[in-house]
Amino acid sequence: MLDVQLFRNDLDFVIAGLKKRNFAFNPENYSELEARRKAVQTKTQELQSERNSSSKAIGQAKAKGEDVQPLLDKVANLGDELKAAETELSEIQAELDALMSGIPNLLDVSVPEGKDEDDNVEISRWGDLPKFDFEVKDHVDLGTARNLLDFELGAKITGSRFVVLNGQLARLQRALIQFMLDTHSCENGYQETYVPYLVNADSLRGTGQLPKFAADLFKASENPDYYLIPTAEVPVTNIVRDMIVDAKDLPLKFVCHSPCFRSEAGAYGRDVRGMIRQHQFEKVEIVQIVKPEDSVQAHEDLTAHAEMILQKLNLPYRKMLLCAGDTGFSSSKTYDLEVWLPGQNAYREISSCSNFRDFQARRLQARWRNPEMGKPELVHTLNGSGLAAGRTLIAVMENYQDADGRIHIPEVLLPYMGGLKVIE
RNA sequence: GGAGAGUUGGCUGAGUGGUCGAAAGCGCACGCCUGGAAAGUGUGUGUACGGCAACGUACCGAGGGUUCGAAUCCCUCACUCUCCGCCA
């Protein structure tokens, strides 16, 4: 949610900002609604004021034992009029809320113009691409050949875009998760946390998935309305919803492993092969809650923390700055990390690290008390995948394969694999 | 799942129909006191919206209702605690 004051004080700035995103915003429609809001609110408040003073007068007259009937007659019609005004006001406000909560975050000045992922800007590359003196296989061939991956079984148990991992490959995914959690909590200063995987609608509104992206979510129950989390970002960031955090407790840094559930109704036909795009996948998420002045640096740090995992696994990757058209709804600036997949001969997204500035915090009412003015102010929120474990598993399979289709275990994972060096 | 008790400001906690946005205390801010500090003491201290301002309006878990008037009465819901049942 953007700041309503910004809309009132500098509408042109907002219009320009949304134009960069190519977001269709109708300022006339907004201004007309806002003008109505103001008029009806003023009228409502005048009526309320009248009611309050009349009621007070009746109370005082009664206390003195005077006849209150004339006063009662005077306010006889006020009730209906007030009720009508209040109803109209709440309708206008609901309309404004709906409009405002559908408007995306403004982009950071450093975000490049652009339409889609083709316009993203490469910032850096790390690692040497592995050279193979044999025909490389992708993770599907590697996995199914040894019955480590079973897509048909996933389809039988549930449906398409679900998979079963067997034996040492399932263990390898668990090892990756453990390794990521340990690295972030022990070396990068994040607090490990375990959270609910079902969340309510308020939490999803807080981080921006609702009301706009309901189609991407699996709804688990009606009344109460619970949803499966699309990412641990939702429950973890909502830790600070409706909170005023002490200045001394900032920054808050959380790391959390969770399964993620995505319906992505619009994504059918993309990445149909393999486990690139599944309805259920494992991810380790890192989240930071920081003072506003610290968020730019925190974004760089958080991205570096995600990169550290790839480096320790010795997986080649590149860091992309997303262009205006590819940056997510709630984000002001996003770096994607793309890992090298020999089986696809391409870099593929494995982490997305975003600075939301106060966009989520405003929806969440997540604040801190700034000692300089003693007033509560919105915090800034950031998060990133550190990393998507399912895709990391694919990357390890494809980068660490040998001519016999075996998968070698990266050195940092050996302690988590009970000494196993190769998956035969 | 059943029965009972609760939910008030940053925190604790009073308040059962009218000068209650809400006592008191804690915390915090500023001042006095002090060589400095502690203690003591004085003043101030919620959020949001409208207004240049004075000020007005809303908010006492959420949503409805009764009333000229609701933190206070009624209804629905959520959550917390205690006891019983069931359960990994």
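In what follows, chains carry the letters A, B, and so on, assigned in the order in which the sequence lines appear, proteins first and then strands, with residues in each chain numbered from 1.
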Which value, in whole Å, describes the distance between the [atom1] atoms of nucleotides [N] and [M]?
N	M	atom1	result
B/A62	B/A78	C1'	7 Å
B/G17	B/A71	P	13 Å
B/U8	B/A3	P	25 Å
B/G13	B/C20	C1'	16 Å
B/C55	B/U45	P	13 Å
B/G64	B/C26	C1'	37 Å
B/A22	B/A38	C1'	34 Å
B/C60	B/G10	P	13 Å

Would you mind reading off the distance between [X] atom [atom1] and [N] atom [atom2], rounded to a whole angstrom?
X	N	atom1	atom2	value
A/Asn9	B/C52	CG	P	11 Å
A/Arg37	B/G51	CZ	C1'	12 Å
A/Met243	B/U47	CE	P	17 Å
A/Phe7	B/C49	CZ	P	14 Å
A/Leu96	B/A48	CG	P	18 Å
A/Gln365	B/U47	CD	C1'	9 Å
A/Gln60	B/C68	CD	C1'	14 Å
A/Lys56	B/G17	NZ	P	19 Å

Subject >> Phosphate-side-chain proximity, A/Lys38 and B/G51, N/O vs OP1/OP2 below 4.0 Å >> reply: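 Answer is yes, contact under 4.0 Å.
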**OP:** Tell me what A/Pro224 touches on the nucleic acid: a base, only sugar-phosphate, or nothing, going by heavy atoms under 4.0 Å.
**Re:**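 If one applies the 4.0 Å heavy-atom cut-off, A/Pro224 turns out to touch nothing in the nucleic acid.
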[X] side chain, from C-beta outward: closest of [options]:
X	options	value
A/Lys62	B/G51, B/U47, B/G18	B/G18
A/Gln5	B/C68, B/C49, B/U47	B/C49
A/Ile244	B/G51, B/G10, B/C68	B/G10

Any salt bridge between [X] and [Y], counting N to O under 4.0 Å?
X	Y	result
A/Lys83	A/Asp80	no
A/Asp97	A/Arg205	no
A/Asp119	A/Lys115	no
A/Arg21	A/Glu113	no

Who does [N] pair with, Watson-Crick or G-U, both distances under 3.5 Å?
N	value
B/C81	B/G4
B/U41	B/G31
B/U12	B/A24
B/C68	B/G18
B/C60	none
B/C52	none

Determine whether the side chains of [X] and [Y] contain a donor N or O and an acceptor N or O closer than 3.5 Å.
X	Y	result
A/Gln297	A/Asp301	yes
A/Gln209	A/Tyr227	no
A/Arg348	A/Gln344	yes

Original post:
Any idea how A/Phe151 and A/His139 line up, ring-wise: parallel (<30°), tilted (30 to 60°), or perpendicular (>60°)?
Top reply: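 Taking A/His139 first and then A/Phe151, their aromatic rings stand perpendicular (interplane angle over 60°).
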**OP:** Classify the ring geometry between A/Tyr190 and A/His184 as parallel (under 30°), tilted (30 to 60°) or perpendicular (over 60°).
**Re:**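 Ring orientation of A/Tyr190 relative to A/His184: perpendicular.
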Subject >> Most 5' of A/Leu72 and A/Glu34 on RNA chain B, judged by nearest nucleotide >> reply: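 Closest to the 5' end, via its nearest nucleotide, is A/Glu34.
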Look for any protein N or O under 3.5 Å of an N or O in nucleotides 57-64 of chain B and output each such pair with its distance, or none.
residue : atom : partner : partner atom : Å
B/U57   : OP1  : A/Asn52 : ND2          : 3.3
B/U57   : O3'  : A/Gln48 : OE1          : 3.3
B/U57   : O2'  : A/Gln48 : OE1          : 2.6
B/A58   : OP1  : A/Arg51 : NH2          : 2.8
B/A58   : OP1  : A/Asn52 : ND2          : 3.4
B/A58   : OP2  : A/Asn52 : ND2          : 3.4

